[in-house]
Structures are given as C-alpha cells and as structure tokens.
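See below for the structure under consideration.
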There are 2 protein chains.
Amino acid sequence: MTKLTMKDIARLANVSQPTVSRVINGNKAVNEDIAKKVMKVIEEVGYIPNKAAQTLKKSSSHIIGVCVTEVYNPYFVELIETLEAECRKIGYNILLHNSKHNPITEWESIQNFLARQVDGLILVPASDYNMQRISELSTPSVIITQNKPQLDSIGLNHLQAGKIVVESFIRAGHKKFGFIGTEIDEKFLGFDGSLRENGFTFDKRNYVRLEVTSIDNFLMRRDIEKYFTEVGRPDFTCAFAANDIMALEFMKAAQERNIRIPEDISLVGFDDTYLAKIMGISSIHQPIEEMVKMTIEILQNRIEHEVSSTPVTIQLEPMLIERNSSRWKRID
Amino acid sequence: MTKLTMKDIARLANVSQPTVSRVINGNKAVNEDIAKKVMKVIEEVGYIPNKAAQTLKKSSSHIIGVCVTEVYNPYFVELIETLEAECRKIGYNILLHNSKHNPITEWESIQNFLARQVDGLILVPASDYNMQRISELSTPSVIITQNKPQLDSIGLNHLQAGKIVVESFIRAGHKKFGFIGTEIDEKFLGFDGSLRENGFTFDKRNYVRLEVTSIDNFLMRRDIEKYFTEVGRPDFTCAFAANDIMALEFMKAAQERNIRIPEDISLVGFDDTYLAKIMGISSIHQPIEEMVKMTIEILQNRIEHEVSSTPVTIQLEPMLIERNSSRWKRID
DNA sequence: CTGTTAGCGCGTTCAT
DNA sequence: ATGAACGCGCTAACAG
C-alpha cells in the first residue's frame, strides 16, 4: 500500500482536493452528503494526512520539544510521563531529548527542536550556559524544576526545602549533619544557611560528594564507597540527599557497614519518587502534576498570544513526607 | 528574530537558493569560495534548515517511532535511552509514545507516527491485537523484547528464563514454588513446564497475581497486600517475579511481615535493572544493548533496502545473575 | 559550476 | 458550496 494523498481521496470521491481538506478540517461550508462520502472514502482506504505538509503550510508542528538532564532518576521519568499526558490532552506531541547534563548536547537538542519546527520548548536546564540564547529564541520556552531569571520558569523553592529538612532534623535532636549530593546547589545552600541560623555549622567533611557524571548505579556506588573508605564511619547522625536515588544508594552502602537507618543515621531524600515510597525513605515531595499543568498553561499562552511580556516566575513550596528513614528521636 | 529560509541566505550571500541547498548538503559541485561565503552567512545569522520541508520533499523524516507499554519499570527506561542513543548515532530522532498496555492507544500512536512520516517503527507490543495490521503497513517495523511470527522481532527466550530459574531453585533444595506476575505468559509457562519436567507441580495458590493495570507503586502494593491477607503466610520457599519492581515490592511487603529474604523465601526478579543491583535481588539479565543494536540494524536494513522477505526472528538467551536474594541453600 | 524550473502534500485565497 | 490557482521551504532535474 503506497502512501495516499488528498488528491487520491479527491479522485476516489469525485470531488476536488480542497473539498477533502475542508471535510477533514471540519469546515462547515460543505455539503453534508459530500462530506459523508469523503469521510467514507477516507475510512475505507485508511488515509492519514501528512503532518510534514501541514507543518510546512501552517508553520506549526504541534510538537513540544522537551529536554531533560537525565532519566536515571525516576523523578524525571514521572515528569516526562506527566508532560506527555498533559500535552496529548491539548493535541501536542512531545519530542524528547536527554542532555545528560551537557550544555553542548542541550544546545544541539534545541537546534534539532527548532529544525523540526516545534511550537514550544520545555527544559530541565543542564546549566546556565544556554539560558541567554534560549531567551532570545522566537520559539517560546519554559524552564521546569528550576527558576531562571531570563525565562518563564516554574520550580520548587529549593532553599526552603533545605531549611525544612534542617528544622526537622533539629527537632529530632540531631547535632551533626550530613549532605549527599553532586554540587553546591540551592538545596545545599538552604540546608547550610538554615544550620547557621540555628547556631550550627556544616562540617565540610560531612559532604558525601558524588560526581555530576555519576548517574548510574555503578558510578554512584563507587563514589559513596570512596567516601566511606576515606572517612570511615561518618561523623553525622542525619543526612539530606539531593535525590532519592542517592538516598537509596547511601542507605544500602551504610547498611552493609552495619550503620542502621534511622537509628544511627536519619535520612531524607528528595523528589518523593516511588523509590522513596517503596523503601520507606523520607523525602521532599515535588508536586509534579501541578508543575506540569502550570508549565503547559504558560507555554500554551505564549504560543497562542505571543505576548512577550516579562518572564513568569513561579515557585512552589516543598513538603516533607516523613517515613521510617527519619522517624527517630535522637537522645544524647 | 523571524524564521529564516534558504531564500534569505541566498539573498544575503548573492547566490541562488539551490546553491545554498547544495552547500548545506555537502554537494561537491560548488565553488569553494562561494561555499565558504554561504557557510559564513549561515553561521552569522544562525540559519537552521526546516525539516518539515525536507521531510515533505524527501518523504523521509529521519524519525523512528517508538511505542512502549510502560515506563514505570526502569527496564523500559533503559531500553528507551539505549534506543535513543543508538538512533542518534545514525542520524535518527525518536518519537516516543506510551501505550500503557492499551491496544487502542497503541494503534493511535502508530497512526500518529505514520502521519509524522516516520521512517520506521520500534514497538514493545501491548498485545497481539495490532500485529496483523502492523505487518501490512508500508512502514517497516520491528518488535522488541518479544517474538511475534508476523513481524521482524527480537526478544528473549522467556521459556528458557523460567526454566533457568526453576533449575536454580531446585538445585538450592526448594520444593515449594511461587510466582509473582500479571498473567500467564511465557515466563510462567517456562517456569511451570520446567517444574513438571522435574517432577514438581505448581500450586495455583502460589501465584501472587497483580493486575495488568497495576503499574504503579500504590496499586502493586495493594495487590500484594491482598494476597497476603487472603493467603496468610505464603506456602512457598522461593519465588520468581515477572520483573524487578514486582520482586522489590514483594520483598518489602514480605519483610514487613517478618518473612526473611532469602532465608524464608528466595527471590529472583526479571530484567536485571538497577533496582536489582542496588537491592541485591537476583535477576534474569536482558542484554539491552545487544537487543537494541540488532533491532536498529534490522530496521535500517528494511528502511534502506526495502527487502520484504520473510520476517526475521531473533531470540536471545537469558542469563541468571545471582545475588543475595536467592543465595541460600534450603535444607529440610 | 550555477541558476531556472518543477513539485513534494497541504491549507487558503479567490472566483464561480 | 465548490474548484482553480498559489505558496509554505526544500531538493532534484535540467539547462547553460
């Protein structure tokens, strides 16, 4: 079966090609009987309009380009799934790329999106590197999970997240604090800042540092093992991990050294993914659905109304979900 | 910055539009100086060719449509990531859909792929429902993870996987066998068949059955809880789970009831995902990279040579990776 | 080597 | 209400 075009349908239905176009696009100005006949032919032969031609003609593809930084973390998978579902509801498809935290790759992806005539971009940014030129694009874009001044963005208050965790640790009687992550980000700054506010200081040796490039099981485990080898038994009684995977990896590595969670070390993760739920790890909840819905609303607005006013910045508040990994009162 | 076309570049470089096209497509029959000038202009203004127009002209989009059944299982995430990486290497993008085990959704996705002029399809089938009409498409397609007679397919020998697991259980001294899954599939048939061959029978009450629709943490857990509530302490000393998530959920639910893994119940999962690695769950390894590479090779062949010979069927052999969840000799 | 011409499949005037 | 004609941006065939 060779590809059919509108012309073929027109011939089969004894009408002109524009009439077929009108029928397909629900143009009312067309005789009902003719419309029915055309529809019948379309059904019979299984004709599907060529979106490349439609895109070319309307300079709109009904595709949203999405670029995330990783998919190892189930949080992003859930994010993508929700994005896809919500986009589908309003008639958009998603073109998905993975920058793997690499700004060069991110920019290549964006070029590709533009070449494919996407109507909008949704980005989990790999770094600040591309933000400026993204803001200069004629294609509207929204940053998700983080806030960036130059662009429409919708993120979580990471500073506040760090603070919430510190406060819960302090309430539970902890005095020595650990952090598990890849970099000095806002989560850490909130964590560190809140410690100071409460009269504590963060001991740098309690930073379990993973490489940004350690985004698989083997590499993360290696970094954590390295920490234990260098430091021995950790000098903290509670720890905040930058995401649930890190929390889980740390928990397993600790348990193998007979460090009990939460008795010896209380643990809080980030993202509140299914991993945290299954494993009973406390975690900072990110309201994915809310974020996604707002993101798409903003984007759709930009696409349809093209109002290039000042960037919209929305910041959602984090919530700590307490589970067994941190349900422990410290008495000493 | 409004969208630029080849015509604009041509004007800026004082050449004709087809010359720009030649330069971009690396056509050698073009004066070097002119080529350089054109390239310079392209660089300066940041021109990107319109792929919708290219697609329309060449009736080839350089897109592969991929439709999977779920993304909750990290196995599929890894599969998708590998597919994307391999496709990118040969200049293809991926359009990703999720059928959520629904054949209707699957067919809609395929229609969408065809509308977008994809050059090929890669499918994790939702059921046999669409196989026939997929085989009648003019767009080449390959089924991955399972074997289907009508189509090119590359899968794992699931029967053999069930058999391997049974044999390892028997060697460890087990006599009462459990299965955790959603349906009577080949894994189960291999498991059950091998039990018979070895003089055992599978007790239906030892089937921990999850709904096909239970593809998230909450629902799977509910199904497993239901099993424990109905059956009480399971009457098996070893169990084979249809995937790693199920294995993990079962493990956690069991442990909460003071059933020890592996001492009381030895456990083997399926897919050998990072979950199994982190949690020390034995699992059947699926050679993702090998599968993906072969899939793409077959597809590329079909796309380029269009040889519609008989379907290619490749079946890879499973391998059991033993970890702590089943390292236990049963003596009774 | 380069420019002119045509046409991919569709939506959109403009006539009728 | 319908058809003829045009053009979206690009590649390919053909002249010159």
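Below, chains carry the letters A, B, ... as their sequence lines are ordered, and counting in each starts from 1.
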message: Without decimals, in angstroms, what is the distance between Ile34(B) CD1 and dC1(C) C1'?
response: 8 Å
- request: Only pairs at least two apart or in different chains count here, so list each side chain to side chain donor-acceptor pair (under 3.5 Å) that has a residue in residues 57-72 of chain B.
  value: Ser60(B)-Asp119(B), Glu70(B)-His101(B)
- request: Drop me the distance from Thr139(B)'s OG1 to Ile110(B)'s CD1, to the nearest 0.5 angstrom.
  value: 10.0 Å
Mind listing the side-chain donor-acceptor pairs of residues 44-54 of chain B below 3.5 Å, one per line with the distance, residues two or more places apart or on another chain?
from     : atom 1 : to       : atom 2 : distance (Å)
Glu44(B) : OE2    : Lys40(B) : NZ     : 3.4
Asn50(B) : OD1    : Ala52(B) : N      : 2.7
Asn50(B) : OD1    : Ala53(B) : N      : 3.2

Nearest-Å distance for atom pair CG/C1', residues Asn27(A) and dA1(D): 10 Å
query: Could you state the NE2-C1' distance from His62(B) to dT11(D), rounded to the nearest angstrom?
result: 14 Å
- prompt: Who passes ring pair (Phe, Tyr, Trp, His ring centres under 6.0 Å) against Phe113(B), sequence neighbours left out?
  reply: His97(B)
- line: Its contact letters, B for base, S for sugar-phosphate only and - for none at protein heavy atoms under 4.0 Å, make nucleotides 6-16 of chain C read -BBBBBBB---
- prompt: Do the side-chain N or O atoms of Ser16(A) get closer than 4.0 angstrom to the phosphate oxygens (OP1, OP2) of dT2(D)?
  reply: no
message: From CG of Asp33(B) over to C1' of dC1(C), roughly how many Å is that when rounded to an integer?
response: 13 Å
When the side chains of residues 124-133 of chain B are checked against the rest of the protein, which donor-acceptor pairs come out under 3.5 Å, sequence neighbours left out?
from      : atom 1 : to        : atom 2 : distance (Å)
Ser127(B) : OG     : Tyr129(B) : N      : 3.0
Asp128(B) : OD1    : Lys148(B) : NZ     : 2.3
Asn130(B) : OD1    : Arg133(B) : NE     : 3.3
Asn130(B) : OD1    : Arg133(B) : NH2    : 3.1
Asn130(B) : ND2    : Pro103(B) : O      : 2.9
Asn130(B) : ND2    : Glu106(B) : OE1    : 2.8
Gln132(B) : NE2    : Glu136(B) : OE2    : 3.2

Atom-to-atom span, CD1 of Ile42(B) to P of dG9(D) - whole angstrom: 16 Å
- prompt: Can you pull the salt bridge (Lys or Arg N to Asp or Glu O under 4.0 Å) pairs that have at least one residue in residues 85-94 of chain A, sequence neighbours excluded?
  reply: Glu84(A)-Arg88(A), Glu86(A)-Lys89(A)
